[in-house]
Amino acid sequence: MSTTITLVQGDITRQRADALVNAANSSLLGGGGVDGAIHRRGGPAILAECRALRASRYGKGLPTGRAVATTAGDLDARWVIHTVGPVWSASEDRSELLASCHRESLRVADELGARTIAFPAISTGVYRWPMDDAARIAVETVRNTPTAVEEVRFVLFDERAHAAFAARLG
Ligand code: AR6
């Protein structure tokens with residue numbers, strides 16, 4: 001089964017998909033950007049499951065580059081897959097961690113049986129990763145990761161992000 005990569009410009013919390021990926025932080029307890037929007041629109045059930053994860057498997061938080069699923073609450077999806085992107089660093093190459101976010105999210109999606117998944121541009125907001133480089137890593141990683149997911153949809157918030165991903169998709 002081959003995976004189709006699609007792009008849309010918009011708000012990821014308005015998307016319908018089996019799984020929506022959240023650009024979370026290690027605490028799993030919310031934040032700004034995509035994370036804030038997902039918890040706002042998804043309602044308290046998501047945070048309740050995140051708190052349970054912190055009380056059990058992830059007492060020290062979810063490590064950077066890893067992914068874990070919860071309910072999607074009131075969102076038009078079955079699951080939210082929370083992943084923690086790396087903070088951009090000019091002095092240290094953290095690309096492998098950003099690639100890992102995409103690989104691990106797809107691995108979790110496969111475990112769940114998700115066939116459609118929507119990703120935001122992980123790490124390109126509060127975590128300051130340059131958009132063109134993030135688009136390169138995201139698209140290359142999805143292309144190179146074997147998965148049963150049929151559609152990987154990148155949901156880009158603005159025209160600049162959409163153009164960066166479109167350029168990489170070719
Ligand atoms: N839908 C799609 N994309 C969005 C949305 C949305 N509703 N809102 C923002 N973006 P960010 P990060 C874009 O900051 O850089 C949080 O506080 C945004 O323009 O959400 O991985 C977490 O709790 C940018 O291009 O995630 C963490 O502490 C991209 O999504 C930290 O931010 C990612 O921006 C994670 O930072």
Side-chain angles (χ1 to χ4, degrees), residues 5-44 46-51 53-54 58 60-70 72-77 79-90 92-106 108-109 116-139 141-142 151-169:
I5 301 178
T6 57
L7 303 183
V8 301
Q9 192 179 325
D11 178 344
I12 196 165
T13 68
R14 301 288 185 177
Q15 295 290 309
R16 169 184 293 172
D18 290 339
L20 306 181
V21 176
N22 182 19
N25 61 61
S26 286
S27 81
L28 291 176
L29 300 179
V34 171
D35 200 7
I38 280 182
H39 283 287
R40 243 186 337 269
R41 191 167 294 277
I46 301 175
L47 189 57
E49 281 195 24
C50 286
R51 286 192 199 284
L53 285 167
R54 286 300 308 277
Y58 295 110
K60 292 180 178 161
L62 183 66
T64 304
R66 301 274 295 278
V68 68
T70 65
D74 300 331
L75 295 167
D76 202 356
W79 304 282
V80 169
I81 297 175
H82 306 262
T83 189
V84 182
V87 176
W88 163 257
S89 165
E92 189 187 4
D93 182 5
R94 299 176 180 168
S95 304
E96 184 47 39
L97 286 167
L98 185 54
S100 175
C101 288
H102 296 84
R103 266 198 310 273
E104 287 291 298
S105 296
L106 290 172
V108 170
T116 55
I117 183 172
F119 279 92
I122 298 165
S123 287
T124 63
V126 173
Y127 287 173
R128 304 187 316 276
W129 205 287
M131 187 60 76
D132 289 339
D133 197 52
R136 176 185 65 80
I137 293 166
V139 170
T141 305
V142 168
E151 183 195 1
V152 173
R153 189 183 315 147
F154 288 108
V155 182
L156 295 322
F157 210 36
D158 56 26
E159 174 54 37
R160 191 179 64 89
H162 187 274
F165 275 72
R168 285 294 165 187
L169 218 50

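Scope of the values below: all heavy atoms of this structure, side chains included, with no hydrogens, waters or symmetry mates. Order of listing sets the numbers, starting from 1, for every ligand and every atom in it. Just so we're clear, the structure is a prediction, and the values are computed from it rather than from any experiment.
- Exactly one of Leu53, Ile46, Asn25, Leu20 qualifies for a side-chain contact (heavy atoms from CB on, under 4.5 Å) with His82. That residue is Ile46.
- Put simply, the side chain of Ser26 never gets that close to the backbone of Pro63: no donor and acceptor are under 3.5 Å apart.
- Remark: the backbone N or O of Asp18 is paired with a side-chain donor or acceptor of Thr116 at under 3.5 angstrom.
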Please tabulate, one line per pair, the protein N or O atoms found under 3.5 Å from any N or O atom of ligand 1, giving the distance to one decimal.
residue	atom	partner	partner atom	Å
ligand 1	1 (N)	Ile12	N	2.9
ligand 1	7 (N)	Asp11	OD1	2.9
ligand 1	14 (O)	Val126	N	2.8
ligand 1	15 (O)	Ser123	O	3.4
ligand 1	15 (O)	Thr124	N	3.4
ligand 1	15 (O)	Gly125	N	2.8
ligand 1	15 (O)	Val126	N	3.2
ligand 1	15 (O)	Tyr127	N	3.0
ligand 1	17 (O)	Gly32	N	2.7
ligand 1	20 (O)	Val34	N	2.8
ligand 1	21 (O)	Ser123	N	2.8
ligand 1	23 (O)	Asn25	ND2	2.7
ligand 1	23 (O)	Asp35	OD2	2.7
ligand 1	25 (O)	Thr124	OG1	2.6
ligand 1	28 (O)	Asn25	ND2	3.2
ligand 1	28 (O)	Tyr127	OH	3.4
ligand 1	34 (O)	Gly125	N	3.3

Side-chain atoms of residues 159-168: list all donor-acceptor pairs with protein atoms under 3.5 Å, sequence neighbours left out, distances to 0.1 Å.
none

Would you sort out whether Phe154 and Val139 count as a side-chain contact (heavy atoms from CB on, under 4.5 Å), showing the intermediate values?
-> CA-CA 9 Å; Phe154 288 108; Val139 170; 4.2 Å; yes
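- Looking at Arg94, its side chain does come within 3.5 Å of a backbone N or O of Val87 through a donor-acceptor pair.
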